[in-house]
Amino acid sequence: MTSTFFVTGTNTEVGKTYATAALLVAAAERGLTTAAIKPVASGCEQTPEGLRNRDALTLMEAMTQDLEYQQVNPVALEPAIAPHIAAMEAGKRLDASRLVGICRGVISGKPDLVLIEGAGGWRVPLTPGTFLSDLPREMELPVILVVGMELGCINHALLTAEAVRRDGLRLAGWIANFVRGPQANMPRADANLMTLKALLPAPCLGVLPHDASGDYRQGAAHLDLAPLLSSPN
């Protein structure tokens, strides 16, 4: 049976891809087959093969299944701006139902674990009336929250958790990610962690220390997949 989770963040640039890739490595180290999807990505670069997103390429490197780029990142947008604005400028329409179909196609390959990484935070617009969060809602997916550990993260994390629950979904776990610098650079880092552990309604899957190398394989050692694999999907 395939376990599928949607990975969101408290904001943009909080290390969702690093955390997602680290989860994929941790799963592979347990002998699981894995796949990942980045349905919508802005900030893509022109290559001879077409637009490519660095985050999507990282996920392809970290997962065990061999997928075509278009399966991993079906909507690639060049400007590094909000996806709905980039799509409008490119004359494209972002369709949550189409993205759901692509995700289900990957899941039909029956890997043990599929991680679908969002863009930015939870409530990212696709069109004036739809949001990327409509995708996990339609698929009824449990959610993993990546918390960028910096000033204000408690408020961001609790509001995101509230929005996830309000959308009828389960917060399956969360990851504390010190992506912006060494732990010592955040005042009272340990106290903030304790507060999040006490208030967030889900298990902490791990604390990712700052890694100047950006090597997500190092992060895998700091993660505990047991709460994900032992809970109903």
Side-chain angles (χ1 to χ4, degrees), residues 2-17 19-20 23 36-42 55 75 81-87 93-104 107 113-177 179 192-208 223 225 227-233:
T2 299
S3 295
T4 306
F5 299 88
F6 187 86
V7 182
T8 192
T10 46
N11 204 340
T12 189
E13 300 297 328
V14 296
K16 288 190 305 297
T17 300
T20 303
L23 285 168
I37 312 167
K38 179 83 173 177
V40 179
S42 53
D55 291 347
V75 179
I81 57 178
H84 72 291
I85 298 175
R93 187 178 187 279
L94 301 180
D95 187 333
S97 295
R98 172 177 171 264
L99 298 177
V100 167
I102 293 171
C103 291
R104 286 179 171 155
I107 295 169
L113 176 69
V114 176
L115 298 179
I116 303 172
E117 183 190 329
W122 181 249
R123 199 69 80 201
V124 172
L126 294 179
T127 68
T130 63
F131 302 89
L132 187 54
S133 53
D134 292 339
L135 185 154
R137 284 181 64 188
E138 186 169 337
M139 298 182 69
E140 299 182 338
L141 296 178
V143 177
I144 298 170
L145 174 62
V146 179
V147 180
M149 297 301 295
E150 57 189 349
L151 190 63
C153 67
I154 295 174
N155 176 60
H156 294 160
L158 295 179
L159 287 175
T160 302
E162 288 178 13
V164 169
R165 292 200 306 273
R166 192 176 300 117
D167 283 346
L169 300 178
R170 178 174 64 87
L171 187 64
W174 64 279
I175 297 170
N177 199 1
V179 294
N192 278 275
L193 274 172
M194 289 177 61
T195 301
L196 286 167
K197 288 179 178 179
L199 295 178
L200 281 174
C204 179
L205 305 176
V207 178
L208 297 176
L223 296 175
L225 270 63
L228 298 181
L229 302 179
S230 61
S231 63
N233 199 359

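Since the structure is predicted, the reported quantities are computational estimates derived from the model, not experimental observations.
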* Asked: Per the side chain to side chain contact (heavy atoms under 4.5 Å, CB included) rule, which among Ser97, Ser133, Cys103 passes with Glu138?
  -> Ser97

* Does Asp167 reach the side chain of Arg123, with side-chain heavy atoms less than 4.5 Å apart? -> yes

* Do Val40 and Leu135 touch side chain to side chain, with heavy atoms closer than 4.5 Å? -> no

* **N/O donor-acceptor pair under 3.5 Å between Ser42 side chain and Ala82 backbone** => no

* **Min side-chain heavy-atom separation Leu145-Thr10 under 4.5 Å** => yes

* To do: Taking the side chain as every heavy atom from C-beta outward, state whether Glu13 and Asn11 have any atom pair closer than 4.5 Å.
  => no

* To do: Applying side chain to side chain contact (heavy atoms under 4.5 Å, CB included) between Phe5 and each of Leu113, Val143, Ile116, Val114, report the one that passes.
  => Leu113

* Any donor-acceptor pair under 3.5 Å linking the side chain of Trp122 with the backbone of Thr8? -> no

* In Å, rounded to the nearest 0.5 Å, how long is the span from OG1 of Thr160 to CZ of Arg165? -> 11.0 Å

* Asked: For Val164 and Leu171, which heavy atoms make the closest approach, and how far apart are they?
  -> CG1-N, 4.3 Å

* Structure fact -> Heavy-atom closest pair (Gly148 atom, Cys153 atom, distance to 0.1 Å) is O-CB, 3.2 Å

* For Leu132 against Gly118, the heavy-atom pair lying closest together -> CD2-CA, 3.9 Å

* Do Pro136 and Leu169 come close enough that some side-chain heavy atom pair is under 4.5 Å? -> yes

* Asked: How close do Gly15 and Asn177 get, heavy atom to heavy atom, and via which atoms?
  -> O-ND2, 3.2 Å

* To do: For residues Leu126 and Asp134, determine if any side-chain heavy atom of one lies less than 4.5 Å from a side-chain heavy atom of the other.
  => no

* How close do Ala172 and Pro142 get, heavy atom to heavy atom, and via which atoms? -> CB-CB, 3.9 Å

* Asked: Can you find a heavy atom in the side chain of Ile107 that is under 4.5 Å from one in the side chain of Met139?
  -> yes

* Structure fact -> CD1 (Ile175) and CG (Leu205) are apart, to the nearest 0.5 Å, by 5.0 Å

* Does the Asp55 side chain pair with the main chain of Thr17, one donor and one acceptor, at a distance under 3.5 Å? -> no

* Structure fact -> Of all heavy-atom pairs linking Leu196 and Ile154, the shortest is CD2-CA, 3.9 Å

* Is the closest side-chain heavy-atom distance between Met149 and Leu193 below 4.5 Å? -> yes

